[in-house]
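Since the structure comes first, as structure tokens, the remarks are kept for the end.
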Amino acid sequence: MNNAQDILFKSIQQGLSELYSISTTNISFQKTRKEFEGDFTLVTFPYIKDAKKSPEILGQELGNYLQQNNAQVKSFNVVKGFLNISLNDSFWLNYFNAVKNKSNIGYKAPNSSGRKVMVEYSSPNTNKPLHLGHVRNIVLGYSVAQLLAANGHEVIKTNLVNDRGIHICKSMLAWQKFGNGETPQSTGLKGDHLVGKYYVVFDKAYKAEIETLVKEGKTKEEAEKQAPLILEAQKMLQQWEAGNPEVVGLWKTMNNWVYDGFAITYKELGVDFNKTYYESDMYLLGKEVVQDGLNKNVFYKKENGSVAIDLTKEKLDEKIVLRADGTSVYITQDLGTAIARFREFNSLNQLIYTVGNEQDFHFKVLFSILEKLGYDWARECYHLSYGMVELPEGKMKSREGTVVDADDLLKGMFETAKATTEELGKVEGFTQTELENLYHLVSLGALKYFILKVDPKKKMLFDPKESIDFNGHTGPFIQYTHARIKSVLRKAGEYSTSEIETIQVNDIERELIKSVYDFEAVLEEAGQNYSPALIANYVYELTKLYNRFYHDVTILKEENQRLKEFRLQLSKCCAGVIANGMNLLGIAVPERM
RNA sequence: GGUCCCAUAGCUCAGUUGGAUAGAGCACAGGUUUUCUAAACCUGCGGCCCUUGGUUCGAAUCCAAGUGGGACUACCA
């Protein structure tokens with residue numbers, strides 16, 4: 001079936017040509033705003049000069065032409081330079097009949113685009129637990145992967161774990177010195193929290209040392225470089241690189257504690273990965289790349305032995321890619337990892353990095369270097385740059401203890417969901433397991449929706465003092481609407497799902513069909529823009545519309561049998577789109593709540 | 001200093017390639033249930049879309065300058 005826009009486009013093109021001899025492909029229309037009557041609106045201002053007509057007359061003439069020459073056009077009205085066009089109900093009913101029994105309205109068939117895309121997200125350090133900033137990353141990355149899959153791409157979800165480096169050594173050293181052999185088992189602490197605890201311990205002790213040195217007359221910078229603890233941590237890193245068995249053993253033990261902890265949080269969040277990379281496996285690759293770059297004269301060796309690239313022409317300055325002591329920096333590993341990924345998945349079309357916008361500069365440099373090294377696919381690398389999550393007092397800082405811990409947050413949300421549900425008391429007959437599942441589902445819905453409804457590119461504010469809402473423009477509102485629909489459908493029992501042809505649809509029913517119709521375009525746009533927010537806001541609009549329908553129109557008590565069947569079918573259709581839309585956000589919807 | 005990002009209702013956010021009287025939610029004031037789940041629905045209140053100039057038939061949207069906020073500018077990650 002041709003879509004509405006195509007049908008109108010052709011007619012309007014013909015009309016402009018026949019009436020005014022205007023030949024143009026510059027015809028775009030938008031959805032008619034709800035305060036006016038109509039489905040689509042053509043702005044006629046662009047044509048009045050060539051047509052030598054006033055906007056009102058041109059609108060009238062073109063409207064008449066459309067009505068006479070296009071069987072789908074029911075009526076039109078003209079307001080100043082706006083031609084509002086209504087399509088026949090039969091058009092909308094035909095559309096409805098065509099899609100209503102599909103399980104994935106608007107989705108492209110799996111892997112139908114022929115594109116293979118890797119989405120990297122999460123990518124944590126293993127020296128501390130996850131916080132709200134990571135949660136935004138994780139929830140966003142997972143949702144974008146869902147969006148791309150729904151747009152027909154083959155998606156590989158990956159995690160790049162930053163499991164090596166000085167920061168890990170800090171936790172290790174502090175544990176060694178002050179840990180008294182503590183383990184997750186002995187303390188009952190989640191592994192990542194235990195390791196994070198010692199990261200903080202290190203920082204405190206380190207700061208104390210700096211203070212002492214400053215009192216002894218050293219400058220702050222000198223003190224920071226000379227404090228015994230930092231020297232010891234650096235030595236530990238060298239030992240690690242040298243393969244010292246004791247250090248490597250401790251490193252493995254503590255990292256495994258962290259992985260066990262992360263696994264729990266990922267499971268709580270309902271996300272997964274197809275492949276996990278570890279920087280400890282990748283960092284040596286970067287050194288080969290550096291050699292390759294030297295051979296190609298893309299890089300050059302500086303006097304002190306470090307290797308650099310000149311990106312001043314790109315306004316990116318000179319960038320060091322290998323330290324004078326031969327150890328790799330962050331970007332060295334990223335170069336190696338990117339190349340390894342394109343080698344491993346040789347038909348990879350795109351690589352998406354879900355990383356905060358504080359690293360915009362880093363990725364510009366990375367992609368630029370890859371291009372200079374001659375990798376054409378560098379242009380297919382995309383930095384999905386998202387805004388920071390800020391608290392009312394500003395940015396979260398791990399060391400200052402102002403972070404919102406992911407596990408605490410999830411737990412708090414769960415308790416709120418539980419309290420709210422109990423207060424409303426609609427869950428008679430639920431088993432304990434079903435209740436737990438519901439609390440979990442609703443709390444995650446609230447949290448994920450709260451994060452995903454805002455444009456990823458923008459920073460967002462989180463106020464720990466105000467709990468995330470469950471009413472209004474929220475995840476639970478949408479989940480609730482889904483449960484309501486399911487409740488009606490359960491009570492309806494068996495009903496016909498045959499084609500609907502002869503009924504009279506009312507305004508709100510037509511609006512609902514139109515809203516369902518829009519989903520395909522929204523999904524496409526959300527995929528192109530890597531923006532779950534478009535889906536989130538769309539689903540909200542549909543849900544709000546459905547609630548008005550639910551309120552104003554009776555379904556089960558409708559006496560006209562065909563009308564009742566239509567309303568049931570429409571309800572089921574909306575529930576499906578709502579569930580699929582939420583699924584794209586990584587949010588489940590309940591049958592009852 | 002340089003580069004980049006942001007600024008819309010009291011608060012949190014929408015506003016697709018420029019289009020009609022700039023929209024939601026929260027908060028505040030009020031109303032709706034003997035009827036399919038009131039986590040809902042309806043009404044009201046609330047705006048120099050940061051400022052100034054420019055482009056255009058038309059600017060919250062594009063351009064320039066300014067103001068305010070933020071990020072980056074490591075041989076950290």
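As the structure is a computational prediction, the values presented were derived from the model and not from experiment. To find a chain, count down the sequence lines: A is the first, B the second, and so on, and within it residues start at 1.
Screening residues 448-459 of chain A for side chain to side chain donor-acceptor pair (under 3.5 Å), with sequence neighbours left out, gives Tyr449(A)-His473(A).
Between Met593(A) and Glu318(A), the residue anchored closer to the 5' end of RNA chain B is Met593(A), taking for each the nucleotide with the nearest heavy atom. With RNA chain B read from its 5' end, the first of the two nearest nucleotides for Lys34(A) and Ile320(A) is the one closest to Lys34(A).
When the P atom of C72(B) is taken as reference, atom NE2 of His362(A) falls 14 Å away, rounded to whole Å. Protein atom CD of Glu224(A) is 13 Å distant from nucleotide atom C1' of A74(B), rounded to whole Å. Rounding to whole angstrom units, CD1 of residue Ile578(A) and P of U37(B) are separated by 15 Å. Straight-line distance from the CG atom of Leu311(A) to the C1' atom of G2(B): 16 Å, rounded to whole Å. Straight-line distance from the NZ atom of Lys457(A) to the P atom of A7(B): 11 Å, rounded to whole Å. When the P atom of A27(B) is taken as reference, atom NZ of Lys465(A) falls 18 Å away, rounded to whole Å. As rounded to whole Å, 7 Å separates atom P of A77(B) from atom CZ of Arg164(A). Between the CD atom of Glu358(A) and the C1' atom of C5(B) there is a distance of 13 Å, given to the nearest Å.
Among the protein residues, Thr421(A) comes within range of the nucleic acid bases, having at least one heavy atom under 4.0 Å from a base atom. The residue Phe477(A) sits close only to the backbone: its heavy atoms come under 4.0 Å of sugar-phosphate atoms, none of a base. Note on Gln359(A): a base of the nucleic acid sits closer than 4.0 angstrom, heavy atoms only.
Rounded to the nearest Å, the gap between the C1' atom of G30(B) and that of A71(B) is 46 Å. Comparing the same atom, C1', in C6(B) and in U61(B) gives a spacing of 15 Å after rounding to whole Å. As rounded to the nearest Å, C41(B) and A27(B) have P atoms that lie 13 Å from one another. Spacing of C1' atoms, U32(B) relative to U37(B), comes out at 16 Å, to the nearest Å. When the C1' atom is compared between C13(B) and G18(B), the two are found 23 Å apart, to the nearest whole Å. For the P atoms, the distance from A22(B) to A59(B) is 13 Å, rounded to whole Å. Here the separation of U56(B) from C63(B), taken at their P atoms, is 16 Å to the nearest Å. Here the separation of G10(B) from G47(B), taken at their P atoms, is 7 Å to the nearest Å.
Under the rule for a side-chain contact (heavy atoms from CB on, under 4.5 Å), the partners of His440(A) that lie at least two apart in sequence or sit in another chain are Glu268(A), Phe414(A), Leu444(A). Contacts of Val427(A) classified as side-chain contact (heavy atoms from CB on, under 4.5 Å), with partners at least two apart in sequence or in another chain: Thr421(A), Phe430(A), Leu435(A), Leu438(A). Listed by chain and residue number, Lys372(A) satisfy the salt bridge (Lys or Arg N to Asp or Glu O under 4.0 Å) test with Glu314(A) (two or more places apart in sequence, or in another chain). For Tyr300(A), the side chain to side chain donor-acceptor pair (under 3.5 Å) criterion is met by Glu318(A), not counting sequence neighbours. Every residue meeting the side-chain contact (heavy atoms from CB on, under 4.5 Å) condition with Pro46(A), not counting sequence neighbours, appears here in chain and number order: Val43(A). The side chain to side chain donor-acceptor pair (under 3.5 Å) test applied to Thr481(A) returns Asn547(A), not counting sequence neighbours. Legend: residues meeting side chain to side chain donor-acceptor pair (under 3.5 Å) with Glu279(A), ordered by chain and number and at least two apart, are absent. For Lys207(A), the salt bridge (Lys or Arg N to Asp or Glu O under 4.0 Å) criterion is met by Asp203(A), not counting sequence neighbours.
Proximity of Asn471(A) to the phosphate of A40(B): a side-chain N or O atom is located under 4.0 Å from OP1 or OP2.
Phe363(A) and Tyr382(A) have their aromatic ring centers separated by at least 6.0 angstrom. Proximity of the aromatic rings of Phe202(A) and Tyr198(A) is defined here by a centroid distance below 6.0 angstrom, and this criterion is not met. Annotation: Tyr278(A) is not in aromatic contact with Trp251(A) [ring centroid separation under 6.0 Å not met]. Taking the six-membered ring wherever Trp is involved, the centroid distance between the rings of Tyr538(A) and Phe519(A) falls below 6.0 Å.
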Please produce a list of atom pairs where a protein N or O lies less than 3.5 Å from an N or O of nucleotides 34-36 of chain B.
{"unit_1": "U35(B)", "atom_1": "O2'", "unit_2": "Lys557(A)", "atom_2": "NZ", "d": "2.7"}
{"unit_1": "C36(B)", "atom_1": "O3'", "unit_2": "Lys491(A)", "atom_2": "NZ", "d": "3.2"}
{"unit_1": "C36(B)", "atom_1": "O2", "unit_2": "Leu556(A)", "atom_2": "N", "d": "2.9"}
{"unit_1": "C36(B)", "atom_1": "N3", "unit_2": "Ile555(A)", "atom_2": "N", "d": "3.2"}
{"unit_1": "C36(B)", "atom_1": "N4", "unit_2": "Tyr550(A)", "atom_2": "O", "d": "2.6"}
{"unit_1": "C36(B)", "atom_1": "N4", "unit_2": "Val553(A)", "atom_2": "O", "d": "2.4"}

### Task
Between protein and nucleotides 11-21 of chain B, map the contacts as a letter string: B base, S sugar-phosphate only, - none, heavy atoms under 4.0 Å, written 5' to 3'.
-SSSSB--BBS

### Query
Under a 3.5 Å cutoff on both atom distances, Watson-Crick or G-U, what's the dot-bracket for RNA chain B ([ ] crossing, | other strand)?
(((((((..((((.....[...)))).(((((.......))))).....(((((..]....))))))))))))....

